Amino acid sequence: MIVTCDDAPTTAATGADDAAAANEAIRRYVRAHGNRPWGEREAAELARLRRMWLAAIRAAA
């Protein structure tokens, strides 16, 4: 199959999909954490997930 420019996903669409996936990862992580206090390790993981989301948002813009 030959992929033309019309068939390939746009950078914005891919970035938006990545941003949505990163946002969902944050939501899952926070839900799984529950109502416990955040330790250093958990806060670091949340910060890493937020950086991924922010990078995806910037890529989609």
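Here the structure is a predicted model, which means the values were calculated and not measured. Below, all heavy atoms of this structure are taken into account, side chains as well, without hydrogens, waters or symmetry copies.
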Q. Would the number of heavy atoms belonging to other residues, nucleotides or ligands and lying under 6.0 Å from CZ of R31 be above 12?
A. yes
Q. According to the interplanar angle, ranging from 0 to 90°, do the rings of W38 and H33 count as parallel (below 30°), tilted (30 to 60°) or perpendicular (above 60°)?
A. parallel
(Q) Show me the pairs that pass side-chain hydrogen bond (donor to acceptor under 3.5 Å, both in side chains) and involve residues 46-55, at least two apart or across chains. (A) E45-R48
Q | Residue list, side-chain contact (heavy atoms from CB on, under 4.5 Å) with A25, at least two apart or on another chain | A | R28, L49
Q) Excluding sequence neighbours, so at least two apart, what forms salt bridge (charged side-chain N to carboxylate O under 4.0 Å, His left out) with R41? A) none
Q: For A60 and A16, work out which heavy atoms get closest and say how close.
A: CB-N, 3.6 Å
